[in-house]
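When a residue number appears, it is its place in the shown sequence, counting from 1. Given the structure is predicted, the values throughout are model-derived calculations rather than measurements. Both ligands and their constituent atoms are indexed starting at 1 by order of listing.
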Amino acid sequence: MRSHSLAKGTRLGMSVESTNPPSNPPRRRTGIVKLAISVPEEDMSYPVLVGTGLAERLPVEIKKRHPQATRVALISDDNVMPLHGERMANALRHEGLEVTAHAIVAGEASKTPEQLLRLVELFVEAKFTRKDVVVAVGGGVVGDLAGTAAALFMRGIPIIQCPTSLLAQVDASVGGKVAVDLPSGKNLLGTFHFPSFVLIDPLALKTLPDRELACGLAEMLKHGLLFSEEHADAVVAASETVFARDSEALVNLIATSVALKSNCVSRDPREQAPGGRGRAALNLGHTVGHALESVSNYELRHGEAVALGLVAAARVSERKGLCGPGLEDHVVAALRQLRLPVDLDQWLDDERAPKIERALVNDKKREPYRLHYIALVRVGEACTLTLSPAEIIALLRT
Ligand SMILES: NC(=O)c1ccc[n+]([C@@H]2O[C@H](COP(=O)([O-])OP(=O)(O)OC[C@H]3O[C@@H](n4cnc5c(N)ncnc54)[C@H](O)[C@@H]3O)[C@@H](O)[C@H]2O)c1
C-alpha cells in the first residue's frame, strides 16, 4: 500500500520573509523562512521560524506571542548551556523576564522520569503559572524532556523549542511528540504537546560536533527518500557546505526538511492512520535502526543507526522487487557522502543477526508478530510492507 508522497519541490506552508534592512550585518541578511505547521484536529497551527541569527529574536517572539508571561524556564544541557543557553537567558533577563535557567547532564541518560519531576519542581519553586513559558535550548533530549515537563505541569503550559542539534532542528523539535524513557524502553512515557513556536538558528550548529551533524543529515536524507528526490539530491550535493556550517545553505535545506516532515505530520498528527500509513512513514530506516541501536548498546548514535536502517530499507525494497535495481547502491553512495556508516553486513553475521531479530520483536511500532515496515518504490515514494522480524532478517541476509 502506498504512503503519502509529495510532489517534487513542494514547499507547503512556507514563505520567505526578507525582514532585515541592508544595513544589518551580513549574517543577518538572509531572509527568515516561516512555516505554519497545522494541527487540523485541534484547529490550530504553530510557526516554525528558520533563519541565521534568529536566536537573538527569542525575547521579541516571546513578548509578541506570550505578552502575559513574566517567567521563563530555560532548560538546556551542560554542553549547550555555556555555548548558547546562557547568552539567551541573559537576553531574556535584559527584557525584564524572570528567568530560571537549568542545565541537565547532556545525553539520553537524562531523559528520565526523575529529571522530569525535577523540572516540574523547578517550575513550582519559581512560582510558575499557566501564563509562563518553558524554552528548550538543546538537542532532542532537552526538547523531549522539557516538552514533557511543560505538557504535564498544571495540565500544560507553553513550550518553545529552540533546537541546537541538526537532528532536533529537522526532526525532534517539530511534530509535538514529547517523551521520557523508562527502564523498559525508550520514549515510553510521553504525550503530544505542540510547541507554541519553534525557533531554528543554523548558527548554533557551528559548535555541534561533526558526528552529531551527520546524524541530522541522516534524517534529512530520510525526508528526501520518502517524499522528494529533489531534496534527497540537494542534501547530498550540499554535504561539504553543510560540514563547513554554511548557515545560508543550511536555512533552505533545514526549512525544506521541516516542511516535508510537517506535511506528513499535519495529515496524521497523533499517528493514528492505520496500517503504517500517515505519520508512521517517518519510521523509514527506524525499524532496523532502533534494533541496531540497542544491539550496539547505543554505541551507534541514533542517526548512524538510522543510516544503516536506510540501507536495510533499500535492500528489502530491491529484494521484494518493489523498486528497480540499484536503489541500495544509490542510498549507500548518498550516506557515504554524508559521512555516515553504510556497512550493514557487518551487523548481519551469525552472532548478531539473531540479536537484531529479537530486538525487532521489541520495536514499539509492531503489531503482534508482524511489523509495518516502510520500504521504497523509488526515491521520493514510500510504501508499507507487513513483515515478521524473521522475514526482515532473511531478506537482508540473502
Ligand atoms: N520528539 C520527537 O519527535 C523526536 C524525534 C527524533 C528524536 N527524538 C529524540 O531526540 C533525541 C536525540 O536528539 P539529539 O541527537 O539532538 O541528541 P542530544 O540531545 O543528546 O544531542 C546530541 C549531543 O549534541 C550536543 N549538542 C546539541 N546541540 C549542540 C550545539 N549546538 N553545540 C554543541 N553541542 C551540541 C548535546 O549536548 C549532546 O551531547 C533522542 O532522545 C530521541 O529520542 C525525538
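Shown in contact with L83 at under 4.0 Å from a heavy atom are these atoms of ligand 1, numbered in order with element: 32 (N), 33 (C). Near D77, meaning under 4.0 Å from one of its heavy atoms, ligand 1 places the atoms 36 (C), 37 (O). Residue contact check: K186 has heavy atoms under 4.0 Å from atoms 40 (C), 41 (O), 42 (C), 43 (O) of ligand 1. Under a 4.0 Å criterion applied to the non-hydrogen atoms of N79, ligand 1 contributes the atoms 36 (C), 37 (O), 39 (O). Every atom of ligand 1 with a heavy atom of K177 under 4.0 Å away is listed here by number and element: 1 (N), 2 (C), 3 (O).
Between R301 and E304, none of the side-chain N atoms (NZ, or NE/NH1/NH2) sits under 4.0 Å from a carboxylate O, so this pair counts as no salt bridge. A salt bridge links E219 with K222; the closest basic N to acidic carboxylate O contact falls under 4.0 Å.
Atom 10 (O) of ligand 1 has G140 CA, 3.2 Å as its closest protein atom, hydrogens excluded (heavy atom only). Considering only non-hydrogen protein atoms, atom 18 (P) of ligand 1 sits nearest to V141 CG2, 3.9 Å. Annotation: atom 8 (N) of ligand 1 to nearest protein heavy atom, A172 CB, 3.7 Å. Closest protein heavy atom to atom 41 (O) of ligand 1: E108 OE1, 2.6 Å. Looking only at protein heavy atoms, the nearest one to atom 6 (C) of ligand 1 is D171 OD2, 3.6 Å. If you check which protein heavy atom lies closest to atom 35 (C) of ligand 1, you get L208 CD1, 3.5 Å. Nearest protein neighbour of atom 17 (O) of ligand 1, counting heavy atoms only, is R301 NH2, 3.7 Å. Atom 28 (N) of ligand 1 has T164 OG1, 2.8 Å as its closest protein atom, hydrogens excluded (heavy atom only).
With distances taken over non-hydrogen atoms, the option nearest atom 44 (C) of ligand 1 out of D181, D201, D144 is D144. For atom 7 (C) of ligand 1, the nearest non-hydrogen atom from the set I104, L167, V265 comes from L167. Here the shortest heavy-atom distance to atom 30 (C) of ligand 1, taken over V180, T207, L145, belongs to T207.
Listed here is the closest heavy atom pair of L338 and F243: O-CZ, 3.7 Å. Taking both residues in full, the closest heavy atoms of E98 and A126 are given as OE2-O, 4.4 Å, listed atom of the first, atom of the second, then distance. The minimum heavy-atom distance between G107 and V141, with the atom names listed, is O-CG1, 3.5 Å.
For the residue pair N90 / R87, no side-chain donor-acceptor distance below 3.5 Å is found, with atom types taken as modelled. Counting only N and O atoms by type, the side chains of E293 and H286 include no donor and acceptor under 3.5 Å apart. S228 and H223 are not linked by any side-chain donor-acceptor pair at a separation below 3.5 angstrom, with hydrogens and angles left out of the test. No side-chain donor-acceptor contact under 3.5 Å links H372 and T384.
Placement of Y46 and V60 in two distinct hydrophobic clusters is found when ILVMFWY residues are connected by side-chain heavy-atom separations under 4.5 Å, directly or transitively. Linking ILVMFWY residues whenever their side-chain heavy atoms come closer than 4.5 Å, directly or via other members, leaves L167 and L83 in distinct clusters. With hydrophobic clusters built from ILVMFWY side chains whose heavy atoms lie under 4.5 angstrom apart, L35 shares a cluster with V198.
Sorted by first and then second residue, the ring pair (Phe, Tyr, Trp, His ring centres under 6.0 Å) pairs with a member in residues 123-162 read F123-F128, F123-F153; sequence neighbours excluded.
In this structure L117 satisfies the side-chain contact (heavy atoms from CB on, under 4.5 Å) test with no other residue, sequence neighbours excluded.
By the criterion of a heavy-atom distance under 4.0 Å, the side chain of N187, and not its backbone, is placed next to ligand 1. In K111, the part holding a heavy atom less than 4.0 Å from any atom of ligand 1 is the side chain. By the criterion of a heavy-atom distance under 4.0 Å, both the backbone and the side chain of S165 are placed next to ligand 1.
Within the structure, ligand 1 lacks L205 among the residues with a heavy atom less than 4.0 angstrom away. Under a 4.0 angstrom heavy-atom cut-off, E212 registers as being in contact with ligand 1. Taking a 4.0 Å cut-off on heavy atoms, H84 registers as neighbouring ligand 1.
Taking any N or O of A204, backbone or side chain, at least one lies under 3.5 Å from an N or O belonging to ligand 1.
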